[in-house]
Amino acid sequence: MTTKENSYVELYQQYRHSIHKVCSPVLNEPRDKALDSFMRLGFPATSHEDYLYTDLKTPFEIDYGLNINRLTIPANPNDVFHCDVPNITSWVYFVINDSFYVAPKKPQLPDGVIICGLNEASEKYPELVKPYYNQLAPNDEVATVAFNTAFAQDGFFMYIPKEVVLPKPVQLVDIMRSDVDFMANSRNLIILEEGAKVQFLECAHTVDGVQFLSNRVTEVFVGKNASLEYYSLENTHNKTTTISSLYLRQEAFSNVLVNEITLHNGLTRNDVKIDLQGAHCETVLCGMAIGDKAEHIDNATLLIHAQPNCKSRELFKYVMDDSSVGAFAGKILVEQGAQKTEAMLTNRNLCVTPNAKMKTKPQLEIYADDVKCSHGATIGQLDETAMFYMRSRGLSEQDARLLLMFAFMADVIENIRIDVLQDRMRLLVEKRFRGELSKCVGCVICK
Amino acid sequence: MLTIKNLHASINGKEILRGIDLVVNEGEIHAIMGPNGSGKSTLSAVLTGNPMFTVTEGEVFFNGKNLLEMKPEDRSREGLFLSFQYPVEIPGVSMTQFMRSAINAHRAYKGLEPISASDFLKLMREKKDMVELDAKLANRSVNEGFSGGEKKRNEIFQMAMLEPKLSILDETDSGLDIDALRIVAEGVNKLRRDDNACIVITHYQRLLDYIKPDIVHVLYKGKIVRTAGPELALELEDRGYEWLKEQVDEEQ
């Protein structure tokens with residue numbers, strides 16, 4: 001282990017009691033074992049096949065503060081945060097760093113629906129949380145996940161009982177705020193029982209000009225016949241490292257849409273694993289990344305078809321400007337017996353300057369013989385003939401570029417099924433391409 | 001309006017235009033005919049500023065301004081329009097979006113405010129009717145999934161929207177059936193005014209039955225080798241290009 005890894009292990013051992021003291025037994029139970037895994041794995045080096053293009057070791061070298069003693073962060077989220085989607089009618093919740101913000105007035109939710117902090121949920125409803133918590137997180141394989149399991153003390157919890165359909169979206173706003181360089185290991189758990197239906201939007205923001213590391217793990221269980229839309233929007237500043245890991249399991253006849261949008265960031269690694277453990281599931285997994293300056297965006301996805309008659313469609317698009325770096329690794333695994341699988345994986349990328357970089361690796365691994373699968377990736381520049389055609393009608397070179405880049409992202413934006421969010425995203429993406437959003441909203445440090 | 005003097009142009013070092021001289025005045029329709037590979041499309045590409053081609057010699061003035069020094073978008077804003085032989089498909093960009101951007105770019109160049117939404121829709125409707133363009137096409141992505149005829153009609157629609165001073169129709173008749181040809185030609189004729197002009201590039205006399213040229217030029221090996229009245233087009237239709245090629249090759 002490196003000195004830094006050692007210091008985190010020592011930190012855990014030294015503060016083990018403090019960490020445990022404020023948390024429920026459900027959260028505490030897997031910690032020691034997760035720390036052992038972390039000691040064995042260490043932070044991933046770029047020599048590791050899954051991290052070839054993204055160095056996650058270096059961001060951990062910084063001396064961050066951690067809020068192990070759960071001091072209250074002096075912030076009213078409504079004061080420091082202005083929503084990117086102002087017209088959305090939703091139930092809004094905040095996680096500040098890694099603490100669930102308890103609003104003075106609790107919103108009225110449909111009967112049986114529980115939304116609260118993860119630690120609170122695991123104390124109040126252990127019988128509900130225990131069967132799910134830490135069941136999908138691969139602590140043995142992924143160091144940052146093991147690290148999260150060892151240190152996580154709170155986060156977001158949502159439970160939707162059987163056959164309950166939420167009439168409006170649930171929005172979770174992750175805000176990083178601190179006066180010193182800061183690390184947060186927040187942990188989310190979402191459970192949809194049979195036939196439940198919800199639209200969920202998670203937005204990640206930073207409000208202070210310090211270095212942040214957000215190492216988030218989210219586990220999602222989608223029951224039989226349930227339906228989930230999961231939108232993740234990152235709009236953080238250039239000094240942010242985001243490691244966001246989403247593990248999702250689908251039961252039979254369930255329907256899931258995941259849309260990962262990286263609008264503005266520093267260094268980001270998103271891991272998404274979707275496990276289709278029931279027959280007749282439908283899954284749309286898509287995402288977009290817009291990078292400029294020295295931003296770095298890496299999406300690594302794994303879709304497992306374990307049962308027959310499931311359909312999945314995956315689409316990721318990147319537009320890389322300046323000297324930004326994008327990476328994509330997408331794998332579809334079709335297990336033996338998963339007959340009549342339909343799976344399509346597409347990754348398309350534009351590098352609009354000679355200095356922008358894009359690495360892509362689409363993969364199919366198929367062990368069934370009656371399936372329809374495809375995968376493909378392209379990296380290219382803007383279409384010169386289209387550029388000239390548009391300019392010959394009087395559009396400036398810049399406007400032509402803008403329209404083409406915007407058009408390129410259109411099909412990912414169309415995969416947003418909340419109308420106000422889709423409209424807003426169109427505007428934000430257009431602004432972003434115009435350079436008007438070259439700072440994240442409310443940002444003070446991005447140049 | 002347009003004056004071309006001794007224009008030479010090449011692509012990848014290969015000379016295609018070898019000294020073109022041409023004057024187009026207001027109110028005139030010129031036809032440029034010629035066998036395959038004579039440089040007809042290159043001429044239209046060079047005039048509109050296609051970056052694939054390099055001008056090696058000569059000059060071009062449009063409304064008294066040096067055309068070759070202008071960016072493609074400024075040529076358009078000055079009133080030059082090319083109806084493409086192969087219109088480009090642009091997935092994701094709607095016709096409405098595209099045309100509004102174009103109109104507003106033209107207006108900004110003239111120091112005018114952007115067009116209002118209602119005026120724009122009115123204009124779109126009016127011009128769509130002129131070329132009998134299906135209203136639904138305007139909501140689709142630019143040329144995406146359009147048939148050959150629809151693409152050409154869409155070019156004339158754009159021409160009607162932008163009201164250019166000089167239009168170049170590059171083989172607008174290719175790939176058109178007789179009905180589409182008539183609609184396209186009628187659209188062009190309706191747009192004809194005393195203060196604008198048109199260059200029709202074509203292989204065949206057929207289009208010239210509908211759009212009557214004042215002057216017919218024959219381009220061969222990168223030069224204009226014959227200039228005459230409309231009777232020249234009829235003669236070419238009758239006898240083909242071979243006799244003319246032989247004459248010209250002998251002269252040189």
Side-chain angles (χ1 to χ4, degrees), chain A residues 261 286-290 315-319 346-350 352 354 376 378 380-416 422-423 425-434 436, chain B residues 44-53 70-110 140-144 151 154-155 157-164 167-168 170:
Chain A
I261 300 167
C286 59
M288 71 161 94
I290 300 173
L315 172 68
F316 271 79
K317 288 193 165 181
Y318 290 59
V319 173
T346 310
N347 169 231
R348 291 182 58 206
N349 312 290
L350 286 180
V352 297
T378 58
Q381 288 80 44
L382 289 172
D383 181 351
E384 289 293 330
T385 58
M387 283 283 286
F388 176 67
Y389 186 70
M390 296 169 100
R391 292 178 72 190
S392 82
R393 299 301 184 241
L395 275 74
S396 67
E397 191 173 356
Q398 201 214 346
D399 280 350
R401 271 166 63 105
L402 200 78
L403 270 182
L404 286 178
M405 291 196 289
F406 189 69
F408 181 76
M409 287 303 191
D411 48 359
V412 179
I413 298 177
E414 276 157 23
N415 272 311
I416 297 173
Q422 192 188 85
D423 290 348
M425 206 49 65
R426 261 184 239 286
L427 186 75
L428 287 176
V429 168
E430 198 184 319
K431 275 189 163 182
R432 178 75 171 98
F433 282 137
R434 268 188 211 287
E436 290 166 16
Chain B
S44 65
V46 168
L47 290 179
T48 46
N50 190 324
M52 302 256 289
F53 297 89
M70 286 184 215
K71 288 189 263 185
E73 53 267 40
D74 286 337
R75 299 180 195 206
S76 165
R77 294 162 185 175
E78 281 288 333
L80 187 64
F81 182 89
L82 171 64
S83 167
F84 280 61
Q85 185 179 1
Y86 303 109
V88 182
E89 296 191 10
I90 314 178
V93 178
S94 75
M95 270 311 295
T96 312
Q97 205 177 9
F98 180 43
M99 274 296 101
R100 190 186 291 128
S101 304
I103 294 262
N104 283 337
H106 279 246
R107 289 177 67 91
Y109 191 70
K110 295 189 186 93
R140 299 229 310 256
S141 293
V142 179
N143 291 323
E144 195 186 27
K151 281 182 183 169
N154 191 22
E155 293 292 289
F157 165 68
Q158 293 174 43
M159 176 177 154
M161 290 290 286
L162 297 173
E163 298 189 331
S167 318
I168 305 169
D170 189 2

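First the proteins, then the strands, lettered A, B, ... as listed; each starts at 1.
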Legend entry - Contact origin within B:Pro87 toward chain A - heavy atom pairs under 4.5 Å: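 Both parts, backbone and side chain.
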Legend entry - Residue part contacting chain A, namely of B:Asn104, when any heavy atom lies under 4.5 Å: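 Neither part.
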Inset, instruction - Identify the two heavy atoms, one from B:Pro91 and one from A:Ala407, that lie closest to each other, and give their separation to 0.1 Å. - result: O-CB, 3.4 Å
Inset, instruction - Considering non-hydrogen atoms only, spot the tightest contact between A:Gly394 and B:His106 and give its length. - result: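 It is CA-NE2, 3.9 Å.
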Inset, instruction - Hey, can you tell me if A:Tyr389 and B:Phe84 have their rings parallel, tilted or perpendicular (30° and 60° cut-offs)? - result: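 Aromatic pair A:Tyr389/B:Phe84 classed perpendicular.
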Legend entry - Atom group of A:Glu397 that falls short of 4.5 Å from chain B, counting heavy atoms: both
Legend entry - Under 4.5 Å from any heavy atom of chain B - which part of A:Met409: neither
Legend entry - Options B:Pro72, B:Gly49, B:Gly92, ranked by heavy-atom pairs under 4.5 Å with chain A, top entry: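 Most pairs with chain A among the choices: B:Pro72.
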Legend entry - Interatomic distance, B:Met99 atom CE to A:Arg393 atom CZ [nearest 0.5 angstrom]: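 If we round to the nearest 0.5 Å, B:Met99:CE and A:Arg393:CZ are 6.5 Å apart.
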Legend entry - B:Arg77 vs A:Ser396 side-chain heavy atoms within contact, under 4.5 Å: yes
Inset, instruction - Taking the side chain as every heavy atom from C-beta outward, state whether A:Phe406 and B:Val93 have any atom pair closer than 4.5 Å. - result: no
Legend entry - Residue B:Tyr86 excluded, over 12 heavy atoms near OH under 6.0 Å: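 No - once you tally the heavy atoms of other residues, nucleotides and ligands closer than 6.0 Å, there are 12 at most.
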Legend entry - side-chain contact (heavy atoms from CB on, under 4.5 Å) partner of A:Thr385, the single match among B:Val88, B:Asn50, B:Ile90: B:Val88
